Structure formats: structure tokens, C-alpha cells
Amino acid sequence: MVRTIQDKILKLKKENDVCILAHSYQAAEIVEIADFTGDSFQLSVMAQTAPQKTVILCGVHFMAETVKILSPEKRVILAHPQAGCPMAEQVEPVFVEHFLKTNPGYTVVAYINTTAALKTVCDVCVTSSTAVKIVQNIENENILFLPDCNLGDYVSKNVTGKNIKLWQGGCPIHAAVNPAEVDKAKELHPGALVLVHPECTPSVVDKADFVGSTSAIMEYAKQSDAKDFIIGTEVSIAEHLAYACPEKNFHILSKKLLCPNMKITSLMDVYKSLTGEGGLEIDMDEDTIHKARKCIDEMIRLGK
Ligand code: 13P
Ligand code: SF4
């Protein structure tokens, strides 16, 4: 059944010259039919270089928007129309405008996990893999970091000479893990290395052996000589790593680390996006693309 639909998708995608991009939190059966799998930033870069004129994004809404901002000439389709990220929807542009009225002169740093509308009122974007470097490279000392206060806390502790105000938002999936679960996982898997995403709370991050973005965690586990790992990010990462490194053991830190928005996309959604019966085409006006793009271009400039 799964194989049959995967074969139909591969055939249609070739006939119609479509590029399928999947975030690493997607299920294995989706990753198998994708042209490229990666973290949020890698996906948008890939979309720019892909020769195809149509991109189907298997992930969440803000990722499809980022692809559209960077490649406005392409048709960008989000495979499941309701796949949204609750963190990305936590801040409205008007909140930032209000903040700047009462705190003039601040540089507003937006995690890439934000809406295109919000990016139009921010100064620079960051991803979890580039946040520390970019914040350190910002000329201004006064910074508002949003929406993830956990990633923001991690950044604050790893840069010098900055006055960083944190927005009190975050990822409800990563933030749900507590330090007692780290202790329990270590007890169950003695000697295993704990690798966590900086979207986890500081009390969880403090107990980790390694802190990094989705792709940094995967890279670290692949390169490491260790055999056992406790993975503190979305559960699919432990599964993908198990396939990539069959000689190693990957344990999930908590079963709470399952993002329903990332898992809502099925093979049938991808199939229907290809046939034109499903999916959501991202439609964005030129002004939004232009203003949001500035924020992303600044990320590329400061991330070098
Ligand atoms: P990255 O893929 O950039 O590590 O982000 C993690 C995440 O939560 C994506 O939704
Ligand atoms: Fe959003 Fe968190 Fe899910 Fe990523 S894991 S899509 S940040 S809710």
C-alpha cells in the first residue's frame, strides 16, 4: 500500500517536474520520496537552487512561506493545508510595533519559526543553528529576541556584551520536557550521551552533553564514537538516525516530543498536492515578500 502510493508520487513528480522538500521531523515514508530533507534553513536554501518550478513542502506553514519569500517565482505548495506551527503564530506584528514604541532603538531578532507577516517588522532572522553567531555579530547591543525564550536564553548565555530581552513564547513540544525525564532516561540508558535542541527549557539544556539544531544533533550523533544516545528533539530524529547508523542505539528523551503538526502530513496529502486535488498554494503579495526578504537577507549577511 505505502510502496504503491510512493511509486505513484515518484512518477507524478518526475512527469510534472516537481521538487518535494521534507523537514527532518517528517515520517520516514515521506522522507523516502523527498528530493531533499533537512532543517528549516536548509530547506529554503535547497528550494532556491532546485531547478524545478514547483515545490511541494512537507513540513509546516512558515517553512513554505520562507521558501516562497526566497523563491517568489516558484509555485510553492504546503502538502497539508492545516500544518501550522503554534510557536510561529504566537507573535502578531502589532506586538512588535508596540514594543518598539516603548523601547526605541532595539534590534528585533526573529527565529525563522515565525510568520512572513511578522518577519516584515523584524530586523533579522536566525535559525537554531545560526542564532548565537548572528546575535553576536549584530552591531547593536540592545536586542529583542522572539518568540522562543528557551532558544533566546541559550543565545544569551553564549554571547557577550548584549542586553537581550526575551519574548515569553516557545515551542510547546520541546518546552514540555522536564529535567526529571532527562534523569530517568539516563537511568534507563546508563552512559548514553544526551543531545538536545535549544528549544528545550534551560533546566533540560543544562543536563545535556550536546546542544544543537536538528541537523547539528544528527551530525554530532553520526560523527561521534559513542554508541548510545538519548535524543532530545522531535521523535523522528531518533528514527532517522537509527536507519542512518544501524550499529548505534538511539533512545527518545520523552514521548512528548512528537509534534502533531509535523506528523499531520500523509503520503496521500503529497499525492493530492501533485494531482491538484489537495495542498495549499502559498500566495503572498510583493510587499510582504520584499519586506520579509530583508530580514532573511540580513540573516545570510550576519551568518557568514
Ligand atoms: P530546526 O529544523 O531549524 O532545527 O527547527 C526545529 C523545529 O522545531 C522546526 O519546527
Ligand atoms: Fe513548531 Fe515545535 Fe512543531 Fe517545530 S516542533 S513545528 S517549533 S510546534
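All values below were derived from every heavy atom in this structure, side-chain atoms included, with hydrogens, water molecules and symmetry-related copies excluded. Start at 1 and go down the list; that is how both ligands and their atoms are numbered. Being a predicted model, the structure only gives us computed values, none of them experimental.
Y271 and V31 fall into different hydrophobic clusters, where Ile, Leu, Val, Met, Phe, Trp and Tyr are joined by side-chain heavy atoms under 4.5 Å apart, directly or via other members. V108 and V132 fall into different hydrophobic clusters, defined by Ile, Leu, Val, Met, Phe, Trp and Tyr side-chain heavy atoms under 4.5 Å apart, directly or through other members. I112 and V109 fall within a single hydrophobic cluster, where Ile, Leu, Val, Met, Phe, Trp and Tyr are joined by side-chain heavy atoms under 4.5 Å apart, directly or via other members. Placement of L193 and L241 within a single hydrophobic cluster is found when ILVMFWY residues are connected by side-chain heavy-atom separations under 4.5 Å, directly or transitively.
For atom 2 (O) of ligand 1, the closest heavy atom belonging to the protein is H23 NE2, 2.7 Å. Closest protein heavy atom to atom 3 (O) of ligand 1: S40 OG, 2.9 Å. The protein heavy atom nearest to atom 3 (Fe) of ligand 2 is C259 SG, 2.4 Å. Scanning the protein heavy atoms around atom 4 (Fe) of ligand 2, the nearest turns out to be Y25 CE1, 4.1 Å. From the protein, the heavy atom lying nearest to atom 6 (C) of ligand 1 is Y25 OH, 3.2 Å. Protein heavy atom closest to atom 8 (S) of ligand 2, with residue, atom name and distance, is P86 CD, 3.6 Å.
Residues A34 and T37 come closest through the heavy atom pair CB-OG1, 4.0 Å. Heavy atoms only, all atoms of each residue included: M262 and M63 are closest at CE-CE, 3.3 Å. Shown here for K248 and A221, the closest heavy-atom pair between the two residues is NZ-O, 2.8 Å.
Within 6.0 Å of CG in D283 there are 12 or fewer heavy atoms belonging to other residues, nucleotides or ligands. Atom NZ of K294 sits in a sparse spot, with 12 or fewer heavy atoms from other residues, nucleotides or ligands closer than 6.0 Å.
The contact set between ligand 1 and M63, taken as ligand atoms under 4.0 Å from a residue heavy atom, comprises 9 (C), 10 (O). Here is the list of ligand 1 atoms found below 4.0 Å of a heavy atom in N113: 7 (C), 8 (O), 9 (C), 10 (O). Ligand-side atoms of ligand 2 in range of M87: 7 (S), range being under 4.0 angstrom from any heavy atom. Heavy-atom contacts of N113 reach the following atoms of ligand 2: 7 (S) (cutoff under 4.0 Å). Ligand 2 places these atoms under 4.0 Å from at least one heavy atom of E199: 7 (S). The contact set between ligand 1 and Y111, taken as ligand atoms under 4.0 Å from a residue heavy atom, comprises 5 (O). Heavy-atom contacts of M262 reach the following atoms of ligand 1: 10 (O) (cutoff under 4.0 Å).
Residue contacts with ligand 1 for M87 are absent, since no atom lies close enough (heavy atoms, distance under 4.0 Å).
The closest side-chain heavy-atom distance from K272 to M268 is below 4.5 Å.
Ring planes of F250 and F229: parallel class, angle under 30° (limits at 30 and 60°). The aromatic rings of H251 and H189 lie parallel to each other, their planes meeting at an angle below 30°, with 60° marking the opposite boundary.
For a threshold of 3.5 Å applied to N or O pairs, the pair formed by T214 and ligand 1 contains at least one separation below that value. At least one N or O atom of H197, backbone or side chain, sits closer than 3.5 Å to an N or O atom of ligand 1. Considering both main-chain and side-chain atoms, T127 never comes within under 3.5 Å of ligand 1 through any nitrogen or oxygen pair. For ligand 1, the polar-atom distance check finds an N/O of E199 within less than 3.5 Å of one of the ligand's N/O atoms.
Looking at E298 and R301, a side-chain N of the basic residue comes within less than 4.0 Å of a carboxylate O on the acidic one, giving a salt bridge.
For residue C171, an N/O/S atom approaches atom 2 (Fe) of ligand 2 to within less than 2.8 Å.
Residue nearest to atom 1 (Fe) of ligand 2, selected from C85, A88, A83: C85 (by heavy-atom distance).
Ligand 1 lies within reach of S128, whose nearest heavy atom is under 4.0 Å from it.
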